[in-house]
Amino acid sequence: MSTFLFAMLVGPIWLGVAVGVIAGVLLLSFAAVGVLNTGLGHAIAAIGKAIRARRHPEPLPPLETRSWLLTTRRIRCSGGPEWVSLTFGGEWDKVVPMSESPRTSSPPRETWGTRGAFIIAAISSAVGLGNIWRFPGVAYENGGGAFLLPYLVAFLTAGLPILFFDYAIGHRYKASPPLAFRRINKKFEPLGWWQVAICYVIATYYSVVIAWAATYAYYASHRAWGDDAVGFFIENHLHMADPEDGFTLQFAPAVLIPLAALWIVVVFVLARGIRRGLDKANKITLPLLVITFTAIVVYALFLPGAVDGLNAFFTPSWEALANPAVWIAAYGHIFFSFSIAFGIMLTYSSYLRRKSDLTGSGLVVAFSNTSFELLAGIGVFATLGFLASVQSVAIAELERITGVGLAFMTYPTLLSEMPGGAVIGVLFFLCLVLAGFTSLLSILQVVSASVQDKTGWSPSKAGLIVGLATAVPSILLFSTTSGLSSLDIVDAFVNNIGVVAAAVFTLLLVAIIARKTPEFRAHLNAVSSLKVGWPWALMVTILTPIILTVILVTGAWDYIVNGYGAPPYPAFYVGIAGWGMIAAMLVFSFVVSYRSYFRPEVDEDGFEDTDTLALEVQQDKDRLLAERAAKKGDFR
């Protein structure tokens, strides 16, 4: 990141381009290493272990029982019909007959197979549609190359600190957001359900954009939009109704059919759980996304006008740094880009094993996400430079360079002019599908995990019910002719009001009122390679809450005074899809919080002593170093 910023400041644009492409390659390396570590490596290790165990069976080592995190498996012993319960917490702890094993109404909590699986899942969640279509436009509109300075500051002072804060909560309390906040203080549980409501609402419309992209991958093969990409998207694809008409129940077939097909796949993957569902999906989609998108970027760099596009993207407008709105935009983007403070990273970290490196994993996830954003900015503006050269206009005169307009209006227009546009178009929209699909799974996993904790249902049952309960309103509300207008309003309010409010109250309640920052700092340092100190505590207790409060207040006040949209949507429409949705989420959060948990161990589940955990981690490191030293000695 610092190298890229240096390249920007000294001037040569192609140095910045080279570093950006290398950043993408590094992300690909992270993904490849993670897949090998979690896939092929463990397969080979498992085969070798099975062979050794068959030749030289060994008794289970006696280890103390760690009741804070137990996983139970029922197996039939060889040579006898007796079923036994094996309870372990990362290592074997005890073996007891099922007749003596305490029964519980809920199945054991899932865990990631390896730390690498978690890193791949977290990167897959963070790298979503916003990386491709939001970051380039936000950077260009807020100072170009100069935007990287507030972006870097926001990355260090808000992105990483809150990411670590989420990891600490999830890993320490081993629960979804509602139960994790309940274990901090029972009065905080509504905050967890507020995050669940955010994820549920986002999933209903996020899936629609993925369905659009899947359809456009087909359209791109023969460039079905012709010479009018804007009119084709609005009229032929969406059959968009006048916003003055409000909600409609007239379905757009080109949206309805692929959306229904998408939800079938999503429900199937979600119902298979963490290891058999999300883990396997992430291992396929992330490497494929990075390889495909990197190929598109490399191709774009050789298009006519690409250099002009890159100069427009990276040329700094230093006077923009004096504008507070630019800094707010940087913090807002970092905040949404990292998938933080609305339950995703908290939930994912709750599935980690007890001695997992939290801050080290966070650094890999954060820098991989940032690398992909820079790669996306290079690719998008290289192609916009080509479009500007073809149309003989300045890049500043181009319209719709961010969001839905960029992906489904501007990009199809340039594909019609681009050599090999059909092939590039198919690959581009497939990248949108891949990026969106894994992000959608991570969003829904927050809802599924929370339902599992509340009801004691299995991952399969919870995944099936949550998936169907989200698919129905998604299809009814957003595959209609009013779908785009509804999506625009709901997305603005749930992100700018809902998500920011979740972050503000999380830091206010947990870090300031409950004063959990020293405890979380100790927990992070107990298991992590990178230790966090007082600067991290300062960020999460003072600096970041102030900045996020400013973003929340200014955004809400703007919606109250000026409404939403350009031109503004009708007041009744914004009142229902915007403020009405926020009110419904608030009511839901408190109502569900007062329902009892069906898991008997909810209030008994605790967390272990941080000093003990730190001692065990250090002993593991010392033992590993001793083994390496012994191997070197034997080799000599």
Member of Leu346, Leu191, Ile198 meeting the side chain to side chain contact (heavy atoms under 4.5 Å, CB included) criterion with Pro177: Leu346
Close side-chain approach of Leu375 and Ser371, heavy atoms under 4.5 Å: no
Ser350 side chain vs Gly170 backbone, donor-acceptor pair below 3.5 Å: no
Thr544 side chain vs Thr157 backbone, donor-acceptor pair below 3.5 Å: yes
Pair Glu373-Arg134, salt bridge (Lys or Arg N to Asp or Glu O under 4.0 Å): steps then yes or no: CA-CA 9 Å; Glu373 286 194 322; Arg134 190 174 189 272; over 6 Å; no
Flag side-chain contact, heavy atom, 4.5 Å: Phe165 against Ile340: no
Aromatic ring proximity Phe520/Tyr167, centre distance under 6.0 Å: no
Summary of ring-ring contact (aromatic ring centres under 6.0 Å, His included) pairs that have at least one residue in residues 491-518, sequence neighbours excluded: Phe493-Tyr559, Phe493-Trp579
Polar side-chain atom of Lys283 near backbone of Leu278 as donor-acceptor pair, under 3.5 Å: no
Distance-only side-chain donor-acceptor flag, Tyr564 / Asp488, under 3.5 Å: yes
Check: Tyr206 side chain, Leu129 main-chain N or O, donor-acceptor pair, under 3.5 Å: yes
Stepwise side chain to side chain contact (heavy atoms under 4.5 Å, CB included) test for Leu363 and Leu160: CA-CA 8 Å; Leu363 287 175; Leu160 282 178; 4.0 Å; yes
Donor-acceptor pair, side chain of Thr370 and main chain of Ala366, under 3.5 angstrom: yes
Set of side chain to side chain contact (heavy atoms under 4.5 Å, CB included) partners for Thr554, sequence neighbours left out: Val550
Check: Val446 main-chain N/O paired with Ser450 side-chain donor or acceptor under 3.5 Å: yes
Arg353 side chain vs Gly113 backbone, donor-acceptor pair below 3.5 Å: yes
Sub-6.0 Å ring centroid separation between Phe155 and Phe367: yes
Ring geometry between Trp133 and Phe408 (parallel below 30°, tilted from 30 to 60°, perpendicular above 60°): perpendicular
With a 3.5 Å cut-off and sequence neighbours excluded, list the donor-acceptor pairs that the side chains of residues 507-514 form with protein atoms.
none

Validation row: Ile284, Lys280 side chains within 4.5 angstrom (heavy atoms): no
Donor-acceptor under 3.5 Å (Thr470 side chain, Thr204 main chain): no
Validation row, ring centre Phe342 to ring centre Trp194 under 6.0 Å: no
Minimum side-chain heavy-atom gap Leu148-Leu152 below 4.5 Å: no
Aromatic contact, Phe118 with Tyr351 (centres under 6.0 Å): no
Glu110 (side chain) donor-acceptor with Ile274 (main chain) under 3.5 angstrom: yes
Backbone of Ala341 reached by a side-chain donor or acceptor of Asp166 within 3.5 Å: yes
Any side-chain donor near an acceptor of the partner, Ser474 and Ser207, under 3.5 Å: yes
Side chain proximity check, Gln195 to Phe181, heavy atoms < 4.5 angstrom: yes
Any side-chain donor near an acceptor of the partner, Tyr205 and Ser486, under 3.5 Å: no
Check: Leu149 and Leu321 side chains under 4.5 Å, non-hydrogen atoms: yes
Lys531 atom NZ: more than 12 heavy-atom contacts under 6.0 Å: yes
Beyond-backbone contact of Val540 with Phe164, side-chain heavy atoms, under 4.5 angstrom: no
Given Arg183, Arg109, Lys174, the one that forms salt bridge (Lys or Arg N to Asp or Glu O under 4.0 Å) with Asp453: Arg109
